[in-house]
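Down below is the structure, laid out as structure tokens.
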Amino acid sequence: MRHPYDVPGWGVGEVWVCDGVVIQHELASESLRREHEAAADSGGNVAVLLVGVEAGGGGVGTRGGTRAGGGREAGPARGDASSLVSPNGGARRPTRTLSAKASRDQAGFVPDLCRRFAAHLAGVPTSYDDVLLDLDWGTPLQQEFAAAARAIPWGEVISYGELAVLAGRPGAARAAGSFCADNRFSLLIPCHRIVAANGIGGYGSAGLGLKRRLLAVEGVHL
């Protein structure tokens with residue numbers, strides 16, 4: 001099930017959840033906000049959580065309507081290349097059909113998770129160690145990359161080569177770079193903290209501006 005959220009100053013993001021497990025996270029962006037506004041104009045929008053960081057730990061509200069119709073929701077159709085490219089670079093939206101009932105039953109953690117995303121983007125050190133991610137699609141090496149990347153502390157960076165070493169595959173820096181380019185769990189797998197040996201490295205179609213902005217949020221300036 002798709003859960004959109006709105007972070008002031010960043011835009012609208014989306015977290016996709018099935019059976020209590022996150023299957024994808026799209027970082028909040030203005031391009032996603034425009035998509036939701038267009039959907040609202042056509043009467044097909046879903047409720048958007050309004051999240052912010054306050055002295056009392058932040059707040060959550062909602063805006064927009066709920067999707068009408070049956071109890072199943074699907075991501076974009078397979079083969080639609082434009083719909084598989086994230087505006088944040090690399091990540092692709094889910095292509096399988098999800099059970100809305102099952103995900104609703106086990107999605108109670110989503111408002112808190114969206115508050116954490118907002119806090120993170122506001123510069124508050126944030127951890128996602130307790131968040132379950134669907135990594136069944138990955139090869140054993142990709143799962144090792146994911147585990148190693150999730151262990152990178154807030155405000156620190158490592159190189160693609162160092163990620164390969166931490167994953168137990170020295171010399172696989174190119175594979176580590178490819179993994180980061182296809183990362184579908186923005187912030188949850190913090191690939192923005194992984195850089196080239198001689199510079200900042202890439203960040204998919206989102207570009208280096210976004211990567212630098214995410215690093216600057218954590219006090220890292222490259």
Under the 3.5 angstrom rule, does the side chain of Gln143 hit a backbone N or O of Leu135 as a donor-acceptor pair? yes

Please check if the side chain of Ser31 supplies one atom and the backbone of Ser29 the other of a donor-acceptor pair under 3.5 Å.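 Here the side-chain-to-backbone pair does not exist.
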
Indicate, with yes or no, if [Y] and [X] share a hydrophobic cluster defined by side-chain heavy-atom contacts under 4.5 Å among Ile, Leu, Val, Met, Phe, Trp and Tyr.
X      : Y      : answer
Ile200 : Ile158 : no
Ile194 : Val220 : no
Leu188 : Tyr5   : yes
Leu215 : Ile152 : no
Val195 : Leu27  : no

How far apart are the closest heavy atoms of [X] and [Y], and which atoms are they?
X      : Y      : result
Gly13  : Leu32  : CA-CD1, 4.1 Å
Leu133 : Phe185 : CD2-CD2, 3.9 Å
Ala148 : Ala167 : CB-N, 4.3 Å
Gly202 : Leu208 : CA-CD2, 3.8 Å
Gly11  : Ala28  : O-CB, 3.5 Å
Asp6   : Arg33  : OD2-NH1, 2.8 Å

Distance from [X] atom [atom1] to [Y] atom [atom2], nearest 0.5 Å?
X      : Y      : atom1 : atom2 : result
Leu187 : Arg116 : CG    : CZ    : 12.0 Å
Glu26  : Glu35  : CD    : CD    : 8.5 Å
Gln142 : Asn183 : CD    : CG    : 11.0 Å
Lys211 : Leu222 : NZ    : CG    : 8.5 Å
Cys191 : Asp182 : SG    : CG    : 9.5 Å
Leu141 : Arg169 : CG    : CZ    : 5.0 Å

Just do the ring-ring contact (aromatic ring centres under 6.0 Å, His included) check on His3 and Phe109 with the steps written out, would you? CA-CA 11 Å; His3 299 269; Phe109 67 96; 8.0 Å; no

Is Asp129 salt-bridged to Arg150, cutoff N-O under 4.0 Å?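 Salt bridge: no.
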
Should the pair Arg34-Glu37 be classified as a salt bridge under the 4.0 Å nitrogen-to-oxygen rule?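 A salt bridge is absent here (no side-chain N lies under 4.0 Å from a carboxylate O).
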
With heavy-atom distances below 4.5 Å as the criterion, would you say the side chains of [X] and [Y] are in contact?
X      : Y      : value
Leu163 : Cys180 : yes
Val217 : Trp154 : yes
Leu214 : Leu121 : yes

Check for me whether Arg184 meets the cation-pi criterion with Trp16, that is, NZ or CZ under 6.0 Å from the six-membered ring centre and within 45 degrees of the ring axis.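 Here Arg184 fails the 6.0 Å and 45° test against Trp16.
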
Quick one: which of Glu162, Glu218, Glu156 gives a salt bridge (charged side-chain N to carboxylate O under 4.0 Å, His left out) with Arg193? Glu218

Aromatic ring pairing Phe179/Phe145, orientation class (parallel under 30°, perpendicular over 60°, tilted between): tilted

Can we call the ring centroids of Tyr128 and Phe117 under 6.0 Å apart? yes

